[in-house]
Colleague: 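Once you've had a glance at the structure underneath, I'll fire off some questions.
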Amino acid sequence: MRAGWWLAVENRAATRNCAAEGADSCRNREGNLPMPVRSTIHKVVVVGGGYAGTLAANRLRKRDDVDVTLVNPRPRFIDRMRLHQFVAGTGEATADYGSLLGEGVALVVDSATRIDTAARMVRLASGRDLDYDYVIYAVGSTGAIPTSVPGATEFAVPVAEWESAQRVRATLDELPSEAPITVVGAGLTGIETAAELAEQGRTITLVCGGSLAPSLSASTRRSVSRWLSRHGVAVLESAEVTEVRTDAVVLADGDVRPSALTIWAAGFGVPELAATSGLRTDDLGRLLTDETLTSVDDDRIVATGDAAAPSGQPLRMSCQAAAPLGARAADTVLSRIAGTEPAVIDFAFTGSCVSLGRRNGVRQFARKDDTSLNVYLGGRIVAAYKELTCKLGLFKIRLEARKPGSMPWPKGGPRPEQPVSDGRAVASS
């Protein structure tokens, strides 16, 4: 009996040695080939370390046979929800990846220049190549300044990215407090930026190009408008900027308004990596996917966050959607590794929260499809709530780092009807 036990131990040891050496002819003492040892490691490269990409990287650790590499051009995480605070000098907007990434996730500080789908390689700006079994495409969004507006690309500065936010802050540090500042764009980003600067005593003009906060309900817009008026912000709802100069903006009616700094907060763009890689995109450049977030061109590429266009009907660019989409993308990859059918997107919006300086804000409630209800909250309690939501952005990522697969999110929002199967073969390494 003891001899049989020892023989089994020897055979297991031989199996491990054969697996390590790749010796197909290695046999145990009974003359039989040992049982094969499963040693496949699935390599997943996550391109982009924002809210969606970082959470997806952590969630992939639900399996211990997945090798996760996160590629990001910056060594620190950018907390984009706080960029308006950063430019005004009322808060910081970065976090250490060491506090966000779970054990085993490798961070590569570099920029992806191309996804070579034929060779299954992510080409990096440094010249390094990363081979992959799957890619999670999480490049996020950027500030967008239209080339059709003369002087805009030269003299206006977006506020949606870290480098441009640093330029805004550096410029503000050099300007006297009474210098006129123009914020172009009256969406949520423009409103928060204008409000933050106005609360600091800056002279602000907000050029809306249509209406103030069009995504909010009429009653919520009135509340925002009253706050801006009380804090001296000149709100030009129907005005449109047609030219940006070094020291002024020109409006569509010919009015020339002094502007020592012009901040562009009208709209977003996305990086061109998908198109450069020969993958189909929507008109803005978001990667076209099915409802599982899988590329319509390659089932080894899964998109998430602001850069994904599922069924050509992308969700609103927001941190609120980023975390659930990051989780969904990771689960899709894990399903494909397991050889099972991935689930489709199941997410519901709950509204939006807009900060008005450090001591006020509005909480807009919405239906699951993101259409606003005529219901909102305002005041100091909302300012505290907005601060909580900002902290939750990083909390969700850290939660996945501690316990992959644990993050919940609201479900039940409408999505396009999908067939039971799109006929795409399930790929596994």
Colleague: Answer yes or no: is there a donor N or O on one side and an acceptor on the other, between the side chain of Asn58 and the main chain of Glu400, under 3.5 Å?
Modeller: no
Colleague: Verify side chain to side chain contact (heavy atoms under 4.5 Å, CB included) between Leu334 and Val66, making sure each step is shown before the conclusion.
Modeller: CA-CA 9 Å; Leu334 295 174; Val66 177; 4.1 Å; yes
Colleague: Check the side chains of Glu237 and Ser211 for a donor-acceptor pair under 3.5 angstrom, ignoring hydrogens and angles.
Modeller: no
Colleague: Hey, does Leu356 have a side-chain heavy atom less than 4.5 Å from the side chain of Val224?
Modeller: yes
Colleague: Do the side chains of Ile263 and Thr193 get nearer than 4.5 Å, heavy atoms only?
Modeller: yes
Colleague: Give a yes or no answer on whether the side chain of Tyr137 reaches the backbone of Ala274 with a donor-acceptor pair at less than 3.5 Å.
Modeller: yes
Colleague: Any side-chain donor paired with an acceptor under 3.5 Å for Asp299 and Tyr134?
Modeller: no
Colleague: Applying ring-ring contact (aromatic ring centres under 6.0 Å, His included), name anything that partners Tyr51, two or more places apart in sequence or on another chain.
Modeller: Phe77
Colleague: List the steps and the verdict of side chain to side chain contact (heavy atoms under 4.5 Å, CB included) for Arg120 and Asp133.
Modeller: CA-CA 7 Å; Arg120 281 200 221 156; Asp133 294 306; 3.8 Å; yes
Colleague: Got more than 12 heavy atoms from elsewhere within 6.0 Å of CG, Asp173?
Modeller: yes
Colleague: So do the side chains of Asn374 and Phe365 get within less than 4.5 Å of each other, counting heavy atoms only?
Modeller: no
Colleague: Ignoring hydrogens and geometry, is there a side-chain-to-backbone donor-acceptor pair from Gln364 to Leu373 under 3.5 Å?
Modeller: yes
Colleague: Only pairs at least two apart or in different chains count here, so list each side chain to side chain donor-acceptor pair (under 3.5 Å) that has a residue in residues 314-326.
Modeller: Arg316-Asp370, Gln320-Thr350
Colleague: Taking Arg82's backbone N and O only, do any of them form a donor-acceptor pair with Asp79's side chain (distance below 3.5 Å, no angle check)?
Modeller: no
Colleague: Might you confirm whether atom CZ of Arg74 has over 12 heavy atoms from other residues, nucleotides or ligands at distances under 6.0 Å?
Modeller: yes
Colleague: When rounded to the nearest 0.5 angstrom, what is the spacing between CD1 in Ile397 and OG1 in Thr54?
Modeller: 5.0 Å
Colleague: Roughly how far apart are Ile204 CD1 and Leu228 CG, rounded to 0.5 Å?
Modeller: 10.5 Å
Colleague: Within this structure, what is the CD1-CZ distance for the pair Ile78 and Phe86, rounded to the nearest 0.5 Å?
Modeller: 8.5 Å
Colleague: Examine distances only and state if a side-chain atom of Thr90 and a backbone atom of Gln85 form a donor-acceptor pair shorter than 3.5 Å.
Modeller: yes
Colleague: Does Lys62 come within less than 4.0 Å of Asp331, counting only side-chain N to carboxylate O?
Modeller: yes
Colleague: Taking the side chain as C-beta and beyond, is there a heavy-atom pair between Leu325 and Asp306 under 4.5 Å?
Modeller: no
Colleague: Measuring from Trp264:CH2 to Thr153:OG1, what's the distance to the nearest 0.5 Å?
Modeller: 10.0 Å
Colleague: With a 4.0 Å cut-off, would you call Arg63 and Asp65 a salt bridge?
Modeller: yes
Colleague: Can you list everything that forms a side chain to side chain contact (heavy atoms under 4.5 Å, CB included) with Cys353? Sequence neighbours excluded, please.
Modeller: Arg363, Val382, Tyr385, Lys386
Colleague: Give a yes-or-no answer on whether the side chains of Thr182 and Ser259 include a donor-acceptor pair shorter than 3.5 Å.
Modeller: yes
Colleague: Has the side chain of Ser164 got a donor or acceptor atom that lies under 3.5 Å from a matching backbone atom of Pro158?
Modeller: yes
Colleague: With a 3.5 Å distance limit and no angle check, can you tell me whether Ser355 reaches the backbone of Gly361 through a side-chain donor-acceptor pair?
Modeller: no
Colleague: Go through it in stages, so that I can follow the logic: the residues are Val233 and Thr205, the test is side chain to side chain contact (heavy atoms under 4.5 Å, CB included), and I'd like the CA-CA distance, side-chain angles, deciding distance and then a yes or no.
Modeller: CA-CA 6 Å; Val233 178; Thr205 297; over 6 Å; no
Colleague: Who passes side chain to side chain contact (heavy atoms under 4.5 Å, CB included) against Thr332, sequence neighbours left out?
Modeller: Thr292, Thr294, Val302, Arg328, Arg336, Pro342
Colleague: Enter the distance from Thr289:OG1 to Leu279:CG here, rounded to the nearest 0.5 Å.
Modeller: 11.5 Å
Colleague: Do Asp96 and Arg76 come close enough that some side-chain heavy atom pair is under 4.5 Å?
Modeller: yes
Colleague: At their closest point, which heavy atom of Ile115 faces which heavy atom of Ser277, and how far apart are they?
Modeller: N-OG, 2.8 Å
Colleague: Does the side chain of Cys208 reach to within under 4.5 Å of the side chain of Val235, using non-hydrogen atoms?
Modeller: yes
Colleague: Is the shortest heavy-atom distance from the side chain of Leu315 to the side chain of Phe347 under 4.5 Å?
Modeller: yes
Colleague: Report the distance from atom CD1 of Ile136 to atom CG of Leu60, rounding to the nearest 0.5 Å.
Modeller: 4.5 Å
Colleague: Taking the basic N atoms (NZ, or NE/NH1/NH2) and the acidic carboxylate oxygens, is any pair closer than 4.0 Å for Lys43 and Asp67?
Modeller: no
Colleague: Any side-chain heavy-atom pair from Cys319 and Arg80 closer than 4.5 angstrom?
Modeller: no
Colleague: Regarding Asp346 and Lys411, does a basic nitrogen lie under 4.0 Å from an acidic carboxylate oxygen?
Modeller: no
Colleague: If every non-hydrogen atom of Thr142 is compared with every non-hydrogen atom of Ala160, which pair is closest and at what distance?
Modeller: C-CB, 4.4 Å
Colleague: So which atom in Pro416 and which in Ser311 form the shortest heavy-atom distance, rounded to 0.1 Å?
Modeller: CG-CB, 4.0 Å
Colleague: Give a yes or no on whether the backbone of Pro310 and the side-chain of Arg415 come within a donor-acceptor separation of less than 3.5 Å.
Modeller: yes
Colleague: Name all pairs fulfilling the side chain to side chain donor-acceptor pair (under 3.5 Å) condition that reach into residues 221-231, sequence neighbours left out, sorted by first residue then second.
Modeller: none
Colleague: Determine the minimum heavy-atom distance between Ala330 and Arg59, stating which atoms define it.
Modeller: CB-CB, 3.8 Å
Colleague: For atom CD of Glu103, is the number of surrounding heavy atoms from other residues, nucleotides or ligands below 6.0 Å larger than 12?
Modeller: no
Colleague: Leu100 and Ala401: which non-hydrogen atoms are nearest, and at how many Å?
Modeller: O-CB, 3.4 Å
Colleague: Please give me the minimum heavy-atom distance between Ala195 and Gly357, naming the atom from each residue.
Modeller: CB-N, 3.8 Å
Colleague: Could you check whether any side-chain N or O of Ser295 sits under 3.5 Å from a backbone N or O of Asp297, counting only pairs where one atom can act as donor and the other as acceptor?
Modeller: yes
Colleague: For Asp282, give me all partners under salt bridge (Lys or Arg N to Asp or Glu O under 4.0 Å), at least two apart in sequence or on another chain.
Modeller: Arg286
Colleague: Determine, step by step, whether Gln166 and Arg169 satisfy the side chain to side chain donor-acceptor pair (under 3.5 Å) criterion, reporting the C-alpha distance in whole Å, the side-chain angles of both residues, the deciding distance to 0.1 Å, and the verdict.
Modeller: CA-CA 5 Å; Gln166 287 180 303; Arg169 180 162 175 173; over 6 Å; no
Colleague: Evaluate the side chain to side chain contact (heavy atoms under 4.5 Å, CB included) criterion for residues Met121 and Arg114: first the C-alpha distance (whole Å), next the side-chain angles of each, then the deciding distance (0.1 Å), finally the verdict.
Modeller: CA-CA 8 Å; Met121 291 281 185; Arg114 182 169 171 255; over 6 Å; no
Colleague: I'd like to know if the side chain of Thr203 reaches the main chain of Pro180, judged simply by a donor and an acceptor atom lying under 3.5 Å from each other, with no hydrogens or angles considered.
Modeller: no
